[in-house]
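For reference, the structure discussed in these notes is given below.
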Amino acid sequence: MQDNKEWNNIRDNVVDVFDENNTFNQAKEFSNKALDILRRVGNPIQYNKNVNLNTVPKKVKEKKKTYLKASRGDLLLRIFFGIPIMIIFAIPMFVTALTVLPFSLKIWLIIMVALSPFFAVGAVLAIPALSNLKLVDEAEKYYRIMNDKLYMNIDDIAMFANESRDNVEKNLRKLIERRNFPQGHIDASGQCFMLSNDVYKEYLALEDQRKSQQVIEDKNVSEGSIIPEGRQYVLSIKEMHLGIKSEPMSSKLGKLETVLIAIFDRVEKEPDELKKLDKLMRYYLPTTIKLIKTYSDFDNVISPDEEILSTKKEIELTIDSINEACMEFQNRLYKDTAFDADTDAALLKTMLAKEGLIDEMK
């Protein structure tokens, strides 16, 4: 289990993030110590690679009705009638082949023509139903693997299901087409599976933002690469946020996205403040991305142990510290602007008074 003192020490270094007079030592120390702990924790996905899916709790039945349709009644009915029909008509067809065919091909063909349609009806009922029944089992397995999450990488689903990635993607597409996952979607790159229409809408909005950001970068904006790079960090956070819906982390990430967008918007209008973003861009944001990525990976662990839960809690507290530092800088930006406005107003008032246009005492 990770020592809380280590994490407290890391959070102590989240100070004066935007102070241009402060050295880079604390920022670098924050980054190095955080990454060192993450390396020692290891790959969280491997913790439960061999988990028994039968032990995974089937949570929140009302959600299952919304995101998963796994009715077997119609399929079992088709199998119940289809297989007996096939057997009933397959027996005389087989007997006829043994007894009649050697003596008369014409009579055997007449009998086969008469019996084949009934056998075909049974086959049409039973065979697709058996295939679809297996797909329903796969749907329930994938749903249990997602463990009430609405967004998961297909690679991770395949690993937990002990299946090939291509097979899982093919099954998911069939299940979406058959409406077993009525709100299911796969992203354009075929990397992620989403259970909810709302999450898919967020994904589409994120893609639109990414395209818009690419247009801005292509224009080679005058402030250089800092602002576009910063916005790419925000997009990365939003993308990972799609898969983190549990509280309190979801709210913390929402706050982080909002304050970072406000900072980059403000600095874009006040280019003189660009130099204050240096430590944020070189140390804090890259490390924050890695912390969120680790948290997201931990969220995919079906039965997390004490160390995983403890590390998730420490990451949440660290994001709080980052949020506080960013909000303080945002406030400082607006305070500086307000001070400049007051100074300009006072100077203008003095000049008008000297011209005799107003009474300086007013």
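Computation of the quantities below employed the complete heavy-atom set of this structure, encompassing side-chain atoms and omitting hydrogens, waters and symmetry-equivalent molecules.
- Atom CD of Glu177 sits in a sparse spot, with 12 or fewer heavy atoms from other residues, nucleotides or ligands closer than 6.0 Å.
- Interatomic distance, CD1 of Ile186 versus CZ of Arg173, reported as 4.0 Å (0.5 Å rounding).
- Both Met112 and Leu105 belong to a single network of hydrophobic side chains, linked directly or stepwise wherever heavy atoms of I, L, V, M, F, W or Y lie under 4.5 Å apart.
- The two residues Phe181 and Ala139 make their nearest non-hydrogen contact at CZ-O, 3.6 Å.
- Between the side chain of His241 and the main chain of Ser250, a donor-acceptor pair closer than 3.5 Å is present.
- Across all their heavy atoms, Ala97 and Pro102 have their closest contact at O-CD, 3.7 Å.
- Between the side chains of Gln191 and Asp187, no donor-acceptor pair of N or O atoms lies under 3.5 Å.
- Using a 4.5 Å heavy-atom threshold, the side chains of Leu125 and Ile83 count as separate.
- Put simply, Ile107 and Leu98 are part of two different groups of oily side chains (I, L, V, M, F, W, Y) that touch within less than 4.5 Å, one to the next.
- Contact annotation: the side chain of Lys149 approaches that of Asp299 to within less than 4.5 Å [non-hydrogen atoms, C-beta and beyond].
- Looking at Tyr151 and Glu202, their side chains never bring a donor and an acceptor atom within 3.5 Å of each other.
- Heavy-atom neighbours of Leu309 CG from other residues, nucleotides or ligands within 6.0 Å: above the threshold of 12.
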Run the salt bridge (charged side-chain N to carboxylate O under 4.0 Å, His left out) test on Asp137 and Lys141 for me, step by step, so that the C-alpha distance in whole Å, both residues' side-chain angles and the decisive distance to 0.1 Å come before the verdict. CA-CA 6 Å; Asp137 291 338; Lys141 179 169 69 172; over 6 Å; no

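- Note on Met93: it does not cluster hydrophobically with Ile110, by side-chain heavy-atom contacts below 4.5 Å among ILVMFWY residues.
- Judged by distance alone, the side chain of Asn331 and the main-chain N or O of Met327 form a donor-acceptor pair under 3.5 Å.
- In this structure, the side chain of Asn323 engages the main chain of Lys252 through a donor-acceptor pair within 3.5 Å.
- With sequence neighbours excluded, no residue forms a side chain to side chain contact (heavy atoms under 4.5 Å, CB included) with Thr258.
- Taking CD of Glu138 as the start and CD1 of Ile145 as the end, the distance is 8.5 Å to the nearest 0.5 Å.
- Val124 and Phe81 fall into different hydrophobic clusters, defined by Ile, Leu, Val, Met, Phe, Trp and Tyr side-chain heavy atoms under 4.5 Å apart, directly or through other members.
- Here NE2 of His185 is found 8.0 Å from OG of Ser196. Values are rounded to the nearest 0.5 Å.
- Leu68 is listed as a side-chain neighbour of Glu140, based on a closest heavy-atom distance under 4.5 Å.
- When all heavy atoms of Phe118 and Ile85 are compared, the closest pair comes out as O-CG2, 3.2 Å.
- Within the 4.5 Å cutoff, side-chain heavy atoms of Met281 are placed close to those of Tyr233.
- Pro92 and Leu115 make their closest contact through CB-CD1, 3.9 Å (heavy atoms, listed as atom of the first residue, atom of the second, distance).
- Residues Glu247 and Glu316 are not in side-chain contact: their nearest non-hydrogen atoms beyond the backbone lie 4.5 Å or more apart.
- For the pair Leu285 and Glu229, the minimum side-chain heavy-atom distance is 4.5 Å or more.
- Ile292 CD1 to Ile244 CD1: the interatomic distance, rounded to the nearest 0.5 Å, is 7.0 Å.
- Rounded to the nearest 0.5 Å, atoms CG (Leu235) and CE (Met240) are 11.0 Å apart.
- The stretch residues 94-108 participates, sequence neighbours left out, in no side-chain hydrogen bond (donor to acceptor under 3.5 Å, both in side chains) pair at all.
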For a salt bridge (charged side-chain N to carboxylate O under 4.0 Å, His left out) check, start with the C-alpha distance between Glu239 and Lys293, then their side-chain angles and the critical distance, and finish with the verdict. CA-CA 10 Å; Glu239 185 173 6; Lys293 176 64 168 64; over 6 Å; no

Before giving the answer on side-chain contact (heavy atoms from CB on, under 4.5 Å), spell out for Leu242 and Lys238 the whole-Å C-alpha distance, their side-chain angles and the decisive distance to 0.1 Å. CA-CA 6 Å; Leu242 287 176; Lys238 286 186 173 184; over 6 Å; no

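- Put simply, the side chain of Tyr143 reaches to within 4.5 Å of the side chain of Tyr67, judged on heavy atoms.
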Using the rule given for side-chain contact (heavy atoms from CB on, under 4.5 Å), can you reason through Glu314 versus Leu317, listing the C-alpha separation, both sets of side-chain angles and the distance that settles it, and then say yes or no? CA-CA 5 Å; Glu314 297 297 344; Leu317 294 174; 4.0 Å; yes

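- The salt bridge (Lys or Arg N to Asp or Glu O under 4.0 Å) analysis of residues 76-91, with sequence neighbours excluded, yields the pairs Asp74-Arg78.
- Between Gln330 and Ala262, the shortest heavy-atom distance links the atoms NE2-CB, 3.3 Å.
- Between Met194 atom CE and Leu150 atom CG the span is 11.0 Å, to the nearest 0.5 Å.
- When atom types are taken as modelled, the side chain of Asn153 and the backbone of Asp155 share no donor-acceptor pair closer than 3.5 angstrom.
- In this structure the side chain of Leu76 reaches within 4.5 angstrom of the side chain of Leu133, judged on heavy atoms.
- For the 3.5 Å distance criterion, the side chains of Ser164 and Asp166 fail to qualify, holding no donor opposite an acceptor.
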Residue pair Phe160, Met152: steps toward the side-chain contact (heavy atoms from CB on, under 4.5 Å) verdict: CA-CA 12 Å; Phe160 283 120; Met152 194 170 184; 3.8 Å; yes

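- A cation-pi arrangement is absent between Lys312 and Phe298 under the rule of less than 6.0 angstrom and at most 45 degrees off the ring axis.
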Do Phe193 and Tyr142 pass the ring-ring contact (aromatic ring centres under 6.0 Å, His included) test, and can you show the C-alpha distance, the side-chain angles, and the key distance before you say yes or no? CA-CA 10 Å; Phe193 173 60; Tyr142 299 155; 8.1 Å; no

Could you please spell out the steps behind the side-chain contact (heavy atoms from CB on, under 4.5 Å) verdict for Leu260 and Ile237? CA-CA 10 Å; Leu260 285 175; Ile237 293 172; 3.9 Å; yes

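- Counting only distance, with no hydrogens or angles, the side chain of Glu163 and the backbone of Ala158 share no donor-acceptor pair below 3.5 Å.
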